[in-house]
Amino acid sequence: MTVLGYLLEKEFKQIFRDKSILVMMFALPLIQLVIVPLAMDYDVKNLKIVVIDQDHSTLSHQLVSKLSSSGYFTVVASEKNYKNGLSHVEADDASMVLEIPPAFERNLVREGIQKIGVSVDAINETKSSLGTAYLNSVIADFTRDLRLNNIHAPAERINPAIEIRPSQWFNPRGVYTFYVVPAILVFMLTILAGFVSALNIVREKEMGTMEQINVTPIRKWKFILGKMIPFWIIGMIVFTIGLLVEWAFYGIFPLGSIGVLYLFSSVYLVALLGFGLLISTYSYNQLQSMFIAFFFIMLFLLMSGLFTPFESMPPWARMLANLLPITHFIKVIRMIILKGSGLADIRMELLYELIFAVVLNAWAIWNYRKTS
Amino acid sequence: MKQFAAFIKKEFYHVFRDRRTLLIMFGLPVIQILLFGFALTSEVKNIRLLVTDNAKDYNSLQFINKLKASSYFIIQEKLMGYNEIEAEFRKGKIKSAVIIPAGFGHDLLHSGRADIQIIADGSDPNIAKAVINYITAISTQYQVAIGSAPSSQYTIVPETRMLYNEELNGSLNFVPGVLALVLMLVCTSLTSVAVVREKELGTMEILLVSPFKPVMVLIAKALPYLVLSLANISLILAVSVYALDVPIKGSLLLLFLESMLFIFTSLALGLVISNMTNSQQAALLISMMGMMMPTMVFTGFLFPHENMPWIFQQISNFVPSRWYYLIVKSIMLKGLGFSYIIKETLILVGMTAGLLTIALLRFKKRLA
């Protein structure tokens, strides 16, 4: 058998010897793939609201019931005054307090205009601005119904109306999991490949077996290749199982070509494993290696557009994000799975990943010194 | 006692010798906070919009100008059919499209009604919803501008007060979250590795045959990380206050005391993990790879807690960082006192006690 063949045999034996790590490598990503997307939801619904109704009139009751039936809000308490209502917000039991002043109905009918008090916990800016917008739209609906029922409009009023016909392509029902799950799969793959490969070479350094390899005539590139191939195979297996889980559990089936998907992910894995191996060659012990990998993977995670929209970042941040391999893969996997984009559509991103793969691995090979 | 002090000194040396890890331990949260403060936002903007104007009359031009003025969109004007538009979506060149039909102005002014079609890239539901909302709002404004004002009878005016965050500083939410996330992950992994390392390298034997009680060994291992984490918290708070304008409304002392409690909880968790594993690799993979995503998701600073399915809400109650996040929010951003966070504090105390007990009971005095 060739030298490379022996190296591969050794690596596989080492991997399979440690059952707990093996279980972790397969089970952790897949369990998280199932759990995490279900928990991720930016939509605003079930906002907990405290109502202080000091009027207790028909109109005020109607308004409150309209709020609770809107689906956006859950009325968690009715209080008598603002201080009691605020205590719910302080305790984090509610995010909003609605105050309906006394004589609400009377003033609305007599003077045509009435103020109500809305206090919003604004710590989470998105939640509070969306919540306020929904509250306003429910109130606007309410007043429109009121007017419809009570005002007789002159027949020939021409109020130009623009009718908006919205349609969402590629995901008509706006199912959020379709958007999130492929990206989480990419991320799980990244964590797996990044951490495990980062630990690998350093482990040998720490255990002392690196010395023994260094004194053999094994060429540097063969050594690195021997480290990379087993994890590449494991990565592709995890990717495949991940796609199956996506299909079985979430009903996501790629619209585009599966072949292109595999092509891209194989290049991506090579790039990422190269990255991990590179970190490994620069570290002195496993802890360091893991921490450096952790730092970069956190960076990847935040800048990739997984949690916050990519386009909303300022230009310098977008440029930085484009230098990371993960950003392109997340973009591409969504394009292939959800929109059916083909090879021609993603060739730029594929080129980027190829460049990453070549540069990172070459650097790792160059940096690995057999003599210190 | 002198022996104990010597032991602690040794542990401190271990930690401070590893400069790279220290650098990352302090640098990572700072960079995260800066990113959250200056680069990341959940707001949707810079959306690439394609406008196909089949009417090209005065009203359609006015409408398009209003879209341009809104600053949410990056607008490209081109005449395209559906197939071409779909291809643009596939290539990822545009995220949304507006199609104005021919005769738009004419229909609007003469029959009082005209249609506009909005196509949004549904593969990103957040952006799609935002696009539809923005354009609907702009078109409502436009209608008001060119038509008569709506009736002013029965107008309800909400007077909105933004609590705790009058300037609508988007970074506020993230600082407690980053604190919780970083402290939990870093402390847990560092402590677990510190113990397992000795097992792996073989120096554990020496510790075990010494007259030291196991408790002493564990305390000595955890102590340097306690000190470092307190320094870390100070750094994070300083950056948040001075670079991001995040206020500290409540008592700083209380904040530090609660943080110490949380650090104990994470350290205890690290000790439990170190009991379960025999290799550094396993300890690191569990405490970093395994805990990273769940901590980020279940702490509740990225995704509102109410949105999760009930069972996940229950699961997140077992994640210590969730309680710490609530505590920091209450003290730092709401300015509340101890009486408001008694429940959360007690939960953390309970978790710490439980984890420490498990760690001590399972600490094996013999290697086999």
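Being a predicted model, the structure only gives us computed values, none of them experimental. Naming: A, B, ... by sequence-line order, numbering from 1 per chain.
Using a 4.5 Å cut-off between heavy atoms, A/Asn107 does not touch chain B at all. Neither the backbone nor the side chain of A/Ile31 has a heavy atom closer than 4.5 Å to any heavy atom of chain B. A/Glu90 touches chain B through backbone and side chain together, each having a heavy atom under 4.5 Å away. Using a 4.5 Å cut-off between heavy atoms, A/Ile139 contacts chain B through its side chain alone, with no backbone atom that close. Residue B/Ile116 touches chain A through both its backbone and its side chain, counting heavy-atom pairs closer than 4.5 Å. Only the side chain of A/Leu28 comes within less than 4.5 Å of a heavy atom in chain B; its backbone stays farther off. The contact between A/Ser119 and chain B is made by backbone and side chain atoms together, counting heavy-atom distances below 4.5 Å. Residue A/Leu299 touches chain B through its side chain alone, counting heavy-atom pairs closer than 4.5 Å. A/Met207 touches chain B through its side chain: at least one heavy atom from C-beta onward sits under 4.5 Å away, while N, CA, C and O do not. Heavy atoms of A/Phe310 lying under 4.5 Å from chain B are absent altogether. Proximity to chain A is absent for every atom of B/Phe174, based on heavy atoms less than 4.5 angstrom apart. A/Asp18 touches chain B through its side chain: at least one heavy atom from C-beta onward sits under 4.5 Å away, while N, CA, C and O do not. Residue A/Met96: no heavy atom, backbone or side chain, is found under 4.5 Å from chain B. Both the backbone and the side chain of A/Leu287 come within contact range of chain B, with heavy atoms under 4.5 Å apart. A/Val97 does not touch chain B: none of its heavy atoms, backbone or side chain, sits under 4.5 Å away. Only the side chain of A/Ile21 comes within less than 4.5 Å of a heavy atom in chain B; its backbone stays farther off.
Under 3.5 Å, the side chains of A/Gln286 and B/Gln281 contain no donor-acceptor pair of N or O atoms. Using modelled atom types, one finds no donor on one side chain facing an acceptor on the other under 3.5 Å when comparing B/Tyr340 with A/Asp92. For B/Asp18 and A/Gln288, the side-chain atoms include at least one donor-acceptor pair closer than 3.5 Å.
The residue among B/Leu28, B/Asp107, B/Leu23, B/Ile135 with the most heavy atom pairs within less than 4.5 Å of chain A is B/Leu28. With chain A as partner, the option from B/Leu181, B/Ile132, B/Leu285 having the largest number of non-hydrogen pairs under 4.5 angstrom is B/Leu285. Contacts with chain A were tallied for B/Lys329, B/Gln117, B/Gln32, B/Met293; B/Met293 has the most, counting heavy-atom pairs under 4.5 Å. Ranking A/Val120, A/Leu338, A/Leu98 against chain B, the residue ahead of the rest is A/Val120, based on heavy-atom pairs under 4.5 Å. Between chain B and the options A/Ile35, A/Ile346, A/Val118, heavy-atom pairs under 4.5 Å are most frequent for A/Val118. Among the candidates A/Leu135, A/Leu302, A/Val36, the residue making the largest number of heavy-atom pairs closer than 4.5 Å to chain B is A/Leu302. For the set A/Lys331, A/Arg318, A/Glu99, A/Gln32, the count of heavy-atom pairs under 4.5 angstrom toward chain B peaks at A/Gln32. Most heavy-atom pairs under 4.5 Å with chain B, from the set A/Val89, A/Leu63, A/Leu301: that is A/Val89. Interface check for chain A: of the options B/Lys93, B/Met162, B/Met288, the most heavy-atom pairs under 4.5 Å are formed by B/Met288. Most heavy-atom pairs under 4.5 Å with chain A, from the set B/Met25, B/Lys343, B/Glu86: that is B/Glu86. Chain B forms the most heavy-atom pairs under 4.5 Å with one residue out of A/Met348, A/Arg334, A/Arg203, and that residue is A/Arg203.
Atom CD1 of B/Ile118 and atom OG of B/Ser96 lie 8.5 Å apart (nearest 0.5 Å).
Remark: the backbone N or O of A/Ile123 is not paired with any side-chain donor or acceptor of B/Asn173 at under 3.5 angstrom. The closest donor-acceptor contact from the side chain of B/Gln313 to the backbone of B/Met308 lies under 3.5 Å. For B/Glu200 (side chain) and B/Gln280 (main-chain N/O), a donor-acceptor pair under 3.5 Å exists by modelled atom type. Between the side chain of B/Thr299 and the backbone N or O of B/Met296, no donor-acceptor pair lies under 3.5 Å. With hydrogens and angles disregarded, no donor-acceptor distance shorter than 3.5 Å links the side chain of A/Asn136 to the backbone of A/Val138.
Ring geometry, B/Phe301 versus B/Tyr325: the interplanar angle falls from 30° to 60°, so the pair is classed tilted.
B/Arg197 has a carboxylate O that lies under 4.0 Å from a charged side-chain N of A/Glu206, or vice versa, which qualifies the two as a salt bridge.
At a threshold of 4.5 Å between non-hydrogen side-chain atoms, the residues B/Leu284 and A/Leu199 count as touching. When side chains are defined from C-beta on, B/Ile286 counts as touching A/Met24, because their heavy atoms get closer than 4.5 Å.
A/Lys48 is linked by a salt bridge (charged side-chain N to carboxylate O under 4.0 Å, His left out) to nothing, counting only residues two or more places apart in sequence or in another chain.
The shortest heavy-atom contact between A/Asn285 and A/Val202 is C-CG1, 3.1 Å.
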